Amino acid sequence: MAEQGEKVEIAVRLKPEIYDPAGEELLRSAAGNGLQGLAAVRINKLIEVTFQPGTPPETVRQTVEQLQRRYLVNPVVEESQTV
Amino acid sequence: MKYRIGVARFPGSNCEQDCLHALSLFDRCEPLPLWHREAVPDDIAAVILPGGFTHGDYLRPGALAAASPLMDDLLRLIGNGLPVVGICNGFQILAEAGVLPGALLPNSSGRFVCRDSYLLHSSPTALLPGSQGVLKLPVAHRSGRYFIDRDGLRRLQDEGRIILQYCDRSGGVYREVSPNGSVVNIAAVANSSGTVLGMMPHPERAVERLPSGRDGKVVFSGLLDFLDSCSSQIR
């Protein structure tokens with residue numbers, strides 16, 4: 001089996017105060033179809049990043065940090081964490 | 001003298017031809033397409049970031065285009081005073097790049113909106129001076145809900161940087177006339193020096209009698225008038 005590189009998962013969530021129409025629509029639809037007990041639905045993102053085998057841990061850390069800052073997160077409306 | 005106005009092209013741009021056409025209606029300018037992987041030529045007097053779905057709108061609209069080599073170059077030139085107008089996806093790119101404050105989120109209706117809209121010219125700015133009253137321009141977007149936090153909104157209001165607001169035919173600004181749920185119906189904002197304008201409506205689709213009238217011409221003439229007024233070299 002080929003060697004696997006390190007895998008990092010980054011969760012990107014809308015800040016709590018940001019209205020999420022997609023989540024609202026899912027909530028409306030699911031509740032309208034009879035699913036019980038739903039109070040709120042928020043649709044967020046999980047980004048899976050796989051590194052090349054042998055990538056030094058410091059490079060992984062720096063690249064993940066740059067990915068989040070430069071691409072994955074708009075700090076005006078989103079927040080992120082590695083999971 | 002003719003101004004060379006660059007119109008940026010990214011993978012997924014789809015309004016660049018309309019922008020080039022709109023600019024070609026003015027004798028004073030020579031429109032020029034700019035590719036996203038290349039630097040901005042030295043003799044460019046202004047740049048338009050047109051609408052579209054750059055990079056498929058993946059991640060967030062404008063996010064991937066904001067990280068392009070052309071935008072790196074443009075950030076430096078904007079710092080030197082280069083005028084830039086971002087239209088629709090171009091506005092989203094400018095917000096993602098941090099050139100303009102706030103963010104553009106999916107419409108509160110969850111739907112793509114494509115229709116004419118009325119816009120109140122709320123504040124004069126360098127690229128759209130005077131008092132234009134109510135303009136009729138088309139909008140076509142899925143993510144036009146302008147969001148900014150309370151402090152940021154106050155700053156925009158205090159500094160007169162809310163340039164256009166969705167309104168009714170007579171200029172009334174209220175929530176029901178907004179196509180997307182923007183904070184205080186914001187449709188266009190400027191940077192602090194007024195040299196960068198981001199707007200969701202499409203002025204390039206309203207430069208001739210058909211299909212949407214000629215109200216959009218003021219955006220292009222405003223840009224050209226600004227260049228006329230800059231007696232010294234822009235760069």
Side-chain angles (χ1 to χ4, degrees), chain A residues 7-35 38-52 55 59-83, chain B residues 10 54-69 71-72 75 89 91-113 141-153 155-156 175 178-184 186 189 198:
Chain A
K7 193 166 167 181
V8 178
E9 294 187 339
I10 302 154
V12 179
R13 292 183 175 85
L14 282 172
K15 289 181 179 175
E17 66 270 26
I18 302 298
Y19 177 64
D20 172 25
E24 286 292 315
E25 186 58 28
L26 174 53
L27 174 68
R28 256 196 304 275
S29 171
N33 289 336
L35 293 193
L38 293 170
V41 177
R42 310 276 290 169
I43 298 179
N44 294 303
K45 295 176 200 156
L46 182 71
I47 290 114
E48 301 176 353
V49 181
T50 307
F51 283 85
Q52 293 167 2
T55 306
T59 303
V60 170
R61 191 191 63 74
Q62 283 178 3
T63 300
V64 167
E65 190 272 323
Q66 285 177 25
L67 260 180
Q68 291 185 82
R69 185 164 43 79
R70 188 136 195 237
Y71 291 95
L72 300 183
V73 187
N74 181 336
V76 178
V77 290
E78 294 174 327
E79 50 203 11
S80 73
Q81 62 184 130
T82 52
V83 294
Chain B
F10 301 86
T54 49
H55 299 275
D57 269 0
Y58 292 138
L59 198 58
R60 295 175 308 277
L64 299 181
S68 64
M71 282 305 295
D72 285 345
L75 290 185
N89 191 225
F91 183 13
Q92 294 164 337
I93 294 169
L94 290 169
E96 281 287 341
V99 175
L100 293 172
L104 290 142
L105 293 166
N107 300 341
S108 53
S109 65
R111 297 194 189 97
F112 190 95
V113 180
H141 57 251
R142 199 186 77 83
S143 293
R145 176 172 43 122
Y146 185 79
F147 171 82
I148 191 163
D149 65 20
R150 210 171 291 243
D151 291 345
L153 177 62
R155 203 168 310 129
L156 286 182
R175 201 162 53 91
S178 165
N180 49 40
S182 288
V183 167
V184 301
I186 289 175
V189 298

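Computation of the quantities below employed the complete heavy-atom set of this structure, encompassing side-chain atoms and omitting hydrogens, waters and symmetry-equivalent molecules. Proteins get letters first, then strands, A, B, ... in listed order; numbering begins at 1 in each. Because the structure is predicted, anything quoted here is derived from the model rather than measured.
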Worksheet item: About how many Å separate CG of B/Leu104 and CD of B/Gln92, when rounded to the nearest 0.5 Å?
Response: 5.5 Å
Discussion item. If I take atom CG from residue A/Leu46 and atom CZ from residue A/Arg13, how far apart are they, to the nearest 0.5 angstrom?
Written reply: 8.5 Å
Item to complete: Any chance you could measure B/Glu96, atom CD, to B/Leu59, atom CG, to the nearest 0.5 Å?
Response: 7.5 Å
Practice prompt. Start with the C-alpha gap between A/Leu14 and A/Asn44, add the side-chain angles, then the distance that decides, and say whether side chain to side chain contact (heavy atoms under 4.5 Å, CB included) holds.
Written response: CA-CA 7 Å; A/Leu14 282 172; A/Asn44 294 303; 4.0 Å; yes
Discussion item. I want to check something: taking the side chain as every heavy atom from C-beta on, are B/Asp57 and B/Asn89 in contact at a cut-off of under 4.5 Å?
Written reply: yes
Worksheet entry | Under the side-chain hydrogen bond (donor to acceptor under 3.5 Å, both in side chains) test, residues paired with A/Arg70 that sit two or more places apart | B/Asp72
Worksheet item: Any residues in residues 18-30 of chain A near chain B, with a heavy-atom distance under 4.5 Å, and which are they?
Response: A/Ile18, A/Tyr19, A/Pro21
Worksheet entry | CD/A/Glu17: more than 12 non-hydrogen atoms of other groups inside 6.0 Å | yes
Discussion item. Looking at B/Arg175, I'd like to know if its CZ atom is crowded, meaning that more than 12 non-hydrogen atoms belonging to other residues, nucleotides or ligands lie closer than 6.0 Å.
Written reply: no
Worksheet entry | Proximity of residues 141-149 of chain B to chain A, residues having a non-hydrogen atom under 4.5 angstrom | B/Arg145, B/Phe147
Item to complete: Could you grab the distance from atom CZ of B/Phe91 to atom CG of B/Leu100, nearest 0.5 Å is fine?
Response: 6.0 Å
Worksheet item: When rounded to the nearest 0.5 angstrom, what distance separates CD1 in A/Ile10 from CG in A/Leu67?
Response: 6.0 Å
Worksheet item: Step by step, would you call B/Asn180 with B/Val113 a side chain to side chain contact (heavy atoms under 4.5 Å, CB included)?
Response: CA-CA 8 Å; B/Asn180 49 40; B/Val113 180; 5.8 Å; no
Item to complete: Tabulate, in ascending numerical order, the residues of residues 73-83 of chain A having at least one heavy atom closer than 4.5 Å to a heavy atom of chain B, or enter 'none'.
Response: A/Val73, A/Asn74, A/Val76, A/Val77, A/Glu78
Worksheet item: If we only count heavy atoms from C-beta on, is the A/Phe51 to A/Thr59 side-chain gap below 4.5 Å?
Response: no
Fill in: Most chain A-contacting option - heavy-atom pairs closer than 4.5 Å, from B/Ser108, B/Gly98, B/Gly110
B/Ser108
Worksheet item: Quick one: do the B/Ser109 and B/Asn107 side chains pair a donor with an acceptor below 3.5 Å?
Response: no
